[in-house]
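What follows is a single structure, written as structure tokens, with notes after it.
As the structure is a computational prediction, the values presented were derived from the model and not from experiment. Note on naming: letters A, B, ... go to the chains in the order of the sequence lines (proteins, then strands), and numbering restarts at 1 for each one.
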Amino acid sequence: MKRALLTIVAIGLVSVPTPGRAADAGRTLAVRAGRILTVSNGAIENGVITVRDGKIDGVGVDLAVPKGMETIDAGDKVVVPGFIDAHCHLGLSLNAMAEIDETVQPVTAQMRIIDAFDPTADELAQAVRAGVTTMMLAPGGRNPIGGQTAVVKLSGDRRKRWLVKPSAGVEMSFTSDALMSDRRPTSRPGLITLVQENLDKAAGYESDTFAPTAEVLSRLTRRELPAYVRAVAVDEIDAALSVIDRYELAAVLVGAQQADEMAEMLVEREVAVICGPQLLHSQDHDLKRAGRLAAAGVKVAFGSFAPRTMSGDIRTSAILAVRYGLKRDEALKALTINAAEILGLDGRLGSIQPGRDADLVILDGDPLEPASRVETVIIDGNVVYRREQK
Amino acid sequence: MPAVAAPLTAAEQVIAIKAGRILPISGEPISGGVILIQDGKIIAVGSEVEIPADAEIVDASSGVAMPGLVDARAVRPVRGDRNEQSNEITPTFHISQGINPKSRYLKRALQAGVTTAYVPPGGSNLIAGVGVAIKPFGKTVAEMIVEDDAALHITMGSESTYGNRIPRWNRPDSFYYRRPTTRMAVAWMLRKSFFDAQQYAAESPEQADAALETLTAAANGELPLRVTVRRAIDIRTAFRIADEYGLKITLDECTEGYKVAELIAEKKAPVVLGPYYYYPRTRDQYSEGREFNWNNAGILARAGVKVVLASGAEPEMADLLTAAMFAVRHGMPADDALKAITLTAAEVIGLADRVGSLDVGKDADILILSGEPLAGTSRVRRVILNGRTVHEAD
Amino acid sequence: MGFVWRGASDLMLDRGRWSCYKACNLVHGERKMIDVKNAHLIGTVLFLSLLPVGVRAAGPSAEGKPERIAIRGGMVLTISTNPIRDGTVLVEGETIRAVGRDVVVPDGARVVDAKGKFVLPGFMDAQSSLYVMASEASGSGGGSAEWSVADALDPFIERHEEVLHQGVTAVYVAPSGIGGFAGRGAVLSLNGATRPEKLVLKADAAVRASLGLSAGSQSSSLARLDDYASLRETLIEAQAYAQRQRRYRQDLAEYEKKKAEQEKEKKAGDGSKPKDSEELKRPDKPASNPTHEILAKVLDKEIPLQVEAHRVSDILNALRLAEEFKLSVILDGCTEGYRIAGEIARRKVPVVAGPVSTSFVAMPRLEYRNHSPENAAILAAKGIQTAVGVCGRDGLSSKFITLAAAMATANGMDRDAALRAITLTPAEIFGVADRIGSLDVGKRADLVVMTGHPFDADSRVEMVLVGGKVVYERDTTP
């Protein structure tokens, strides 16, 4: 019996495929392109990027490419870091809007959006085709404290590399969406009181007690987790800032349509803004806000709020914002490095430089030209999308 | 009136308003006088005021200057619910946290000459919270606030009962399954609240309770107490409870005040009227506020009650000049009517040291009208707030 | 308006003396006592006062713009022909007088230097809701074929200038509704008119209907069967109605002819009863029905039927309707058209494709589930007459038309086809190509001057002309 068992085990060990060999194919490669927009170090004409084990190894003009290394020759095309959708609800189920708000209780800090995410969901494919390689998933805005956000990559592979941060921050909402008639809070002063009550309780949290909400909020008050705060109008932003100040939270505003009117206050506090999709605005007055915000020195990124808009249309948001006043280089940063910084991941994402993840997008033209199309998308050195040539 | 000129400092440029007529409200009208403003304050008012050489002149010689109007009950400029309805008793609710600085009602009020607006919480809660006095001009609420925690608001009658019900087949945990559902419960809950406050003050426990602190302050007069009442029943009940707990109260809305004018005068309670008719949603189906009287203001004023005219829940009534004119038509003495939208209103909201009349040292909140304030043909030509022109009619 | 002004000014400039003489005669004839010298003066004054007073006040403000404008030296994209480098477009009054390299600029013309710039026809959004209240634009209720969007226009509803400043000079707006016929759409001009009827470039441009639209996120397949059946039923009733009307007209004509003959005989005869007498009865007029009146015109192909259909089954049903009733059909939306492009091409049915991305619409319905941004490109490549619309969430969204077209090119649409899809093609589809859509002599001068090609991110609109008038200029207009 023992011998039989041993034999079975032995056969088992032999037949298990050597991990990594097949998956590593392609994670070491080189990309040549007419124009590389590194974001961190300007543009490189006719350059090469070498990738080793999914990380960028080198970027430059006269880089030596090892013999036999798989090379993608992108001719005169443009390479940029993969786009980051800083705020969305994709891959959550057929009806995302029903999944993102757990409104029975107004404070659900212990809920985590990652528990509702399917990395193989069909709808992620459209995001990838548009060059989005990383996204921050978030709960909805109908709870004053909604839950923990997560950062994922759209590589869809089964080896959990898609999971970047299962708990990236805490989503909060100071908008009128968070007010309800049959559940606390019904008014904004009541919302502020509720949030403060909970943050006060968190301050007194002792680690040996079972208090999941307080535990998460205590990490918020210790600045171990950032707060992603939804607020649209100036008075909502004002209310949010009063709480952010009081508890000295590390915070980022989400949506924040009228934030440009309070730019100085944001700059003072180093509060960045994840702007909503620009196609939700149709008045010139509103389309100019992102540009004004950036000009005033606020760090700006774009979120699609997918499926409210298409994740890939964060690029359209950037293009529209440029048409109405945002500087082009700021727009590219908004899609890449700014979003990475806001998510605390600029050591890994958002630029093309050695050490960063090899998340690259090849387009047939400048990314901020609406006519440019995405040709190839690489995540961690793997080609996850290649446009069909007709 | 002899000129009372404060020494001119080199701080900001002086603005001199030359008006055809000046109505200081706190004193006799002045023909052809001058008002001097500096650093947002009035530094001189009179007929023989010397205008400094480098002063900026505002020529209103065909107009009438009067203090900016004070709206002692400007309900509207709030985003969302004006009450935190998850609880009937919310003494620490601050309406200042709910104000929308971009509210079109603020703009309208300013254009109608209101330079100080007092915003109370809503009337759906029994003890609704504290109100705030603001100047209706600025980018953020913080800029606008003159005084927060200005007064505690209570609503008597059946408005607070609306929506409360006994549990039936709906959500088993709705917070609407609660008291009060009748007037008796309203009175009882008020008594209980002040009783608890008395206990709290007597025991002074270690753990501070903000709600009870607020009630205590209201009980001993540190925090003004304003009671929204409409029916005569409720006015009587309000005074009964006030007597029991030694409270000093101001009556808001007071639609049936005319029925108990002597009582109100006897109790020396000021009254903030407005609008003339407003039907709140109540559990007994819109029964409040229906028996109003066009002469309410006149009857109360003649009985010796301190009457303030405010806009209340109707934004149209933000035109306080029209409200005053209306009150005069129906029997209120003209002087009292003008005071009712300026100095008396300022007194009732506790800001008479700053606004409500054209006196040296007060805020430079000034209106220039095209004619006498109580004439239906007059309009607001210019509004000066804290010394700056913030509105000019075309 | 321009015509009247021109007429008057011609009279004044060229025939001042004649007019004075005429007026003088008038004066002389009436009051002989007036001194001759003064009579001339009075005559001229009288003549001038007889000129239509409201010439400058009525209609779009003239702002004293000159009669002739020459836009010179730009890259002229006529759309109908090859681009003309260093070309000139001469505008006279409301129309284009000349286009080419060697256009002679007449004296007195205002010259606009377009060197280094692009000159092209104004854009047209064929899926617009400009000038219509949002709640009325996306009706969830039904409609009726005779309802007209022209009755719901509000020139002041929003700042149409924001749309105009992005180069959009015309829009097609139609009533919307779920199920059945929604009503008649119209092509509107962004001419700044303050009266709704003056906004209309072409009324009754199409009758709009829909097949298979879902209400909210629910879709009932039974409802979709009902859509198709009810459209058919109404069209059959309209056919019968049209037939009755035709017969009535014939019978009426016959009756009148016979009656006239009878009268003639009566007059000619001696009073005795004529031989072939019959009691003539005037045919009864059949009941009139506004819905069927309009649909009769659709059946006659006088007005096309615009069908909003997204799913393959609904598109095919629209084509079946076209075949059964021999209608001119326009497919609107046509979201899954890319799956049956060959079929659509075979029937030679035009398509207004849009939105290019579902991000443009407020609440994408179930019908957009298989939306592809490559749709317009695939349809156009098959030779289908394809226009591109914004299909945005409100009226101001029409300002995104060039963005939408550029995005279509990013998804495979040919650049020229995409530009045509927002200029000449929508004009052709909605029957106004004789007046707008390309820079051709005789067409309305609706044109745009841009700093670059409209699909380039950096391009900005510098000048817009509508009906020959400069309605926007970048540096002077705040």
Part of Asn100(B) within contact of chain A (heavy atom distance under 4.5 Å):
both
Counting C-beta onward and ignoring hydrogens, is there a side-chain heavy-atom pair between Gln258(A) and Lys102(B) closer than 4.5 Å?
yes
Are the side chains of Glu84(B) and Thr193(A) in touch, meaning some heavy atoms are under 4.5 Å apart?
no
Between Ser176(A), Ala239(A), Ser181(A), the one whose heavy-atom pairs under 4.5 Å with chain B are most numerous
Ser181(A)
Heavy-atom pair of closest approach, residues Gly190(A) and Phe93(B)
N-CE1, 4.1 Å
Return yes if a side-chain donor-acceptor contact under 3.5 Å exists between Asp81(B) and Thr186(A), otherwise no.
yes
Among Ile237(A), Val234(A), Ile192(A), Leu194(A), residue most engaged with chain B (heavy-atom pairs, under 4.5 Å)
Ile192(A)
Gly98(B) to Arg188(A) - nearest heavy-atom pair and separation:
C-NH2, 3.4 Å
Would you give the length of the straight line joining atom CG of Asp238(A) to atom OG1 of Thr140(B), rounded to the nearest 0.5 angstrom?
5.5 Å
Within the supplied structure, the quantity of interest is the number of heavy atoms (other residues, nucleotides, ligands) at a distance under 6.0 Å from Gln199(B) CD; does it exceed 12?
yes
Greater than 12 external heavy atoms within 6.0 Å of Glu206(A)'s CD:
no
Arg388(B) atom CZ: more than 12 heavy-atom contacts under 6.0 Å:
no
Distance in Å, Ser86(B) OG paired with Asp182(A) CG, rounded so as to fall on 0.5 Å steps:
11.0 Å
Residue pair Lys139(B), Met262(A): steps toward the side chain to side chain contact (heavy atoms under 4.5 Å, CB included) verdict:
CA-CA 9 Å; Lys139(B) 238 176 42 164; Met262(A) 313 189 61; 5.8 Å; no
Please tell me if the side chains of Arg82(B) and Ser187(A) come closer than 4.5 Å, counting only heavy atoms from C-beta onward.
no
Counting C-beta onward and ignoring hydrogens, is there a side-chain heavy-atom pair between Gln85(B) and Arg184(A) closer than 4.5 Å?
no
Glu143(B), CD atom: more than 12 neighbouring heavy atoms under 6.0 Å:
yes
